[in-house]
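The next block holds one structure in the form of structure tokens; read it before the comments.
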Amino acid sequence: MPDRTYSISDLASEFGVTTRTIRFYEEKGLVHPRREGQKRLYSAADRVRIKLILRGKRIGMSLQESVEVIDLYDPEHNNEEQLHSLISTVREKRERLLQQKKDIDDMLAGLDEVQSLCEQALQDKPASPTTRNRQRR
DNA sequence: ATTCTAACA
DNA sequence: TGTTAGCA
């Protein structure tokens, strides 16, 4: 049954998002589920597409960026122009991640310093009565 | 009970 | 995106 279909709530609950989020992606043209009257019917392919979009979101990609990557799986768009576009996107993504890594390392260093000062202050000061009570247990 | 559209926060 | 209203 590889041709199973999913309701919008099926996918929403599976991916931990609201149905609004999935409809929102459709508004943005990220997915085009087929309809059965008014109701949306998502195919296994639609499901994968949404999964990839959410993954891209987690690693900081914009919805548009995710679409660019996802479209590579579509033979129709594997032309030279698209590939150049993707290479450009990947390069920019790499630069952004490196910058984030630097910012995180700097902040981590700052936190180490603060923690060190706090521990130092506790060590140089005699334990308060309440602290002694906790230590006794 | 579910889903849908539309509109507003 | 969340929420909410009013339908089907």
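Below, all heavy atoms of this structure are taken into account, side chains as well, without hydrogens, waters or symmetry copies.
Under 4.0 angstrom from either OP1 or OP2 of dT1(C) there lies at least one side-chain N or O belonging to Lys57(A). Contact annotation: Thr19(A) side-chain N/O to dT2(B) OP1/OP2 distance is not under 4.0 Å. An OP1 or OP2 oxygen of dT2(B) is reached within less than 4.0 angstrom by no side-chain nitrogen or oxygen of Ser9(A).
Here dT1(C) presents its P atom at 10 Å from CD1 of Ile53(A), a figure rounded to the nearest Å. Atoms CG (Leu11(A)) and P (dT3(B)) sit 10 Å apart, rounded to a whole Å. dA1(B) atom P lies 15 Å from atom NZ of Lys39(A), rounded to whole Å. In this structure, the CZ atom of Phe24(A) is 15 Å from the P atom of dT5(B), given to the nearest Å. Atoms CD (Glu27(A)) and C1' (dT1(C)) sit 10 Å apart, rounded to a whole Å. Atoms OH (Tyr42(A)) and P (dT3(B)) sit 10 Å apart, rounded to a whole Å. Remark: P of dT1(C) and OH of Tyr25(A) are 3 Å apart, rounded to the nearest angstrom. Note: CG (Asp10(A)) to C1' (dA1(B)) measures 14 Å, nearest angstrom.
Side-chain to base pairing of Arg40(A) with dT3(B): no donor and acceptor N or O lie closer than 3.5 Å to each other.
Using a 4.5 Å cut-off on side-chain heavy atoms (C-beta onward), Arg40(A) and Arg23(A) make contact.
Other residues, nucleotides and ligands place no more than 12 heavy atoms under 6.0 Å from the CZ atom of Arg94(A). The 12-atom threshold is exceeded at CD of Glu95(A), counting heavy atoms of other residues, nucleotides or ligands nearer than 6.0 Å.
Taking the side chain of Arg20(A) as heavy atoms from C-beta on, and the options dG2(C), dT3(B), dT5(B), the nearest nucleotide is dG2(C).
Formation of a donor-acceptor pair under 3.5 Å by the Asp103(A) side chain with backbone atoms of Gln100(A) is not found in this model.
By the side chain to side chain contact (heavy atoms under 4.5 Å, CB included) test, Glu14(A) pairs with Leu11(A), Arg47(A), sequence neighbours left out.
Across all strands, Ser7(A) comes closer than 4.0 Å only to sugar-phosphate atoms, never to a base (heavy-atom distances).
Base pairing of dT2(B) is made with dA8(C), judged by Watson-Crick or G-U wobble geometry with both donor-acceptor distances under 3.5 Å.
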